[in-house]
Amino acid sequence: MLTAVQPWPRTEEEALAEQDRLRARVVTEPGPASPATVAGLDVAYDDSGDRLGAAVVVLDATDLSVRDTAVIKGRPAFPYVPGLFAFREVPALMAALEKLTVRPDVLICDGHGLAHPRRFGLASHLGVLTDLPSFGVGKTRLIGEWEPVGEARGSRSALVDAGETIGAVLRTQDGVKPVFVSAGHRIDLDGACALTLRLARRFRLPETTRAADRICRDLLR
DNA sequence: GCGACAG
DNA sequence: ATCTTGTCGC
């Protein structure tokens, strides 16, 4: 159903070259006006860090009911290196995506997209490999600076690096620590922020992320 | 040389 | 990511 993953980089040098190659395939466009389905993706690790569980959950964008779920167990495909994080989790996430029977209209990833040293974080990577609209919602920053964000839900501040807006620091709940939203592939920042707010009615993180987090965490126990 | 550093 | 309950600060 979705693109397969080829030979995987084994060194940082190879991973950097792969990012350079794939970055050229990122498409900049507004994104789906009103997606019918939204997917959340997440990975959890066991105590040793040798095993992981990946989950993808597809929700109905209107009522948030679960339309499909796919999980897989595996091993990290790369050490954790800031800026090369995608190489660790993408193979497992792609394998889970391939098990889906419902094609999601947009992928919402745990991590960053454009808000990355080379403008190609996990969300961009998964978007390009699947050619689905994708964006990232991170809990902490990787790069970039921003001005203080208003305390009210919906307030946002531009995340800037080297004079370029690479994402948004978005408040999803009054007085609660904001999240970091950035475009991945085939969706723009405004669309990503709007969708994030719609999916985070009650909690800091979008329901997609919360659902995926719960499922892959249970998978390891 | 010293911090910073998605998950 | 994960180890971890109560406790510190406003």
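- For A/R141, a side-chain nitrogen or oxygen approaches OP1 or OP2 of B/dC5 to under 4.0 Å.
- With centroids closer than 5.5 Å and planes inclined by less than 30 degrees as the test, A/Y45 and the base of B/dG7 fail to qualify as a stacked pair.
- The listed nucleotides are B/dA6, C/dC3, B/dC5; the one nearest the side chain of A/T140 is B/dA6.
- Nucleic acid contact class of A/R217 (heavy atoms, under 4.0 Å, all strands): sugar-phosphate only.
- Salt-bridge annotation for A/E164 and A/R119: present, with a side-chain N of the basic residue lying under 4.0 Å from a carboxylate O of the acidic one.
- Between A/D42 atom CG and B/dG7 atom P there is a gap of 10 Å when expressed in whole angstrom units.
- In this structure, A/L93 reaches neither bases nor backbone, as no heavy-atom distance under 4.0 Å exists between it and the strands shown.
- Distance A/F180 CZ to B/dA6 P: 11 Å, rounded to the nearest Å.
- Rounded to an integer number of Å, the gap from CG of A/L126 to P of B/dG7 is 14 Å.
- The pair A/D131-A/R186 meets the salt-bridge criterion, since a charged nitrogen lies less than 4.0 angstrom from a carboxylate oxygen.
- Just one residue in the list A/I108, A/L100, A/V106 forms a side-chain contact (heavy atoms from CB on, under 4.5 Å) with A/P104, and that residue is A/L100.
- Between A/F87 and A/H125, the ring centre distance stays below 6.0 Å.
- The pair A/R156-A/D190 meets the salt-bridge criterion, since a charged nitrogen lies less than 4.0 angstrom from a carboxylate oxygen.
- Between the NE2 atom of A/H112 and the C1' atom of B/dA6 there is a distance of 5 Å, given to the nearest Å.
- If you take CG of A/D50 and P of C/dA1, they are 18 Å apart, rounded to a whole angstrom.
- Minimum atom distance to the side chain of A/K139 is reached by C/dA1, of the listed C/dA1, C/dC3, B/dA4.
- Note: NZ (A/K177) to P (B/dA6) measures 11 Å, nearest angstrom.
- As rounded to whole Å, 12 Å separates atom C1' of B/dG7 from atom NE2 of A/H116.
- Contact between the side-chain N/O atoms of A/R88 and the OP1/OP2 oxygens of B/dA6 is not found at any separation under 4.0 Å.
- At the heavy-atom level, A/G49 lies nowhere under 4.0 Å from the strands shown.
- Rounded to an integer number of Å, the gap from A/L170 CG to B/dA6 P is 20 Å.
- At a threshold of 4.0 angstrom between heavy atoms, the contacts of A/G138 are confined to the sugar-phosphate backbone, with no base atom among them.
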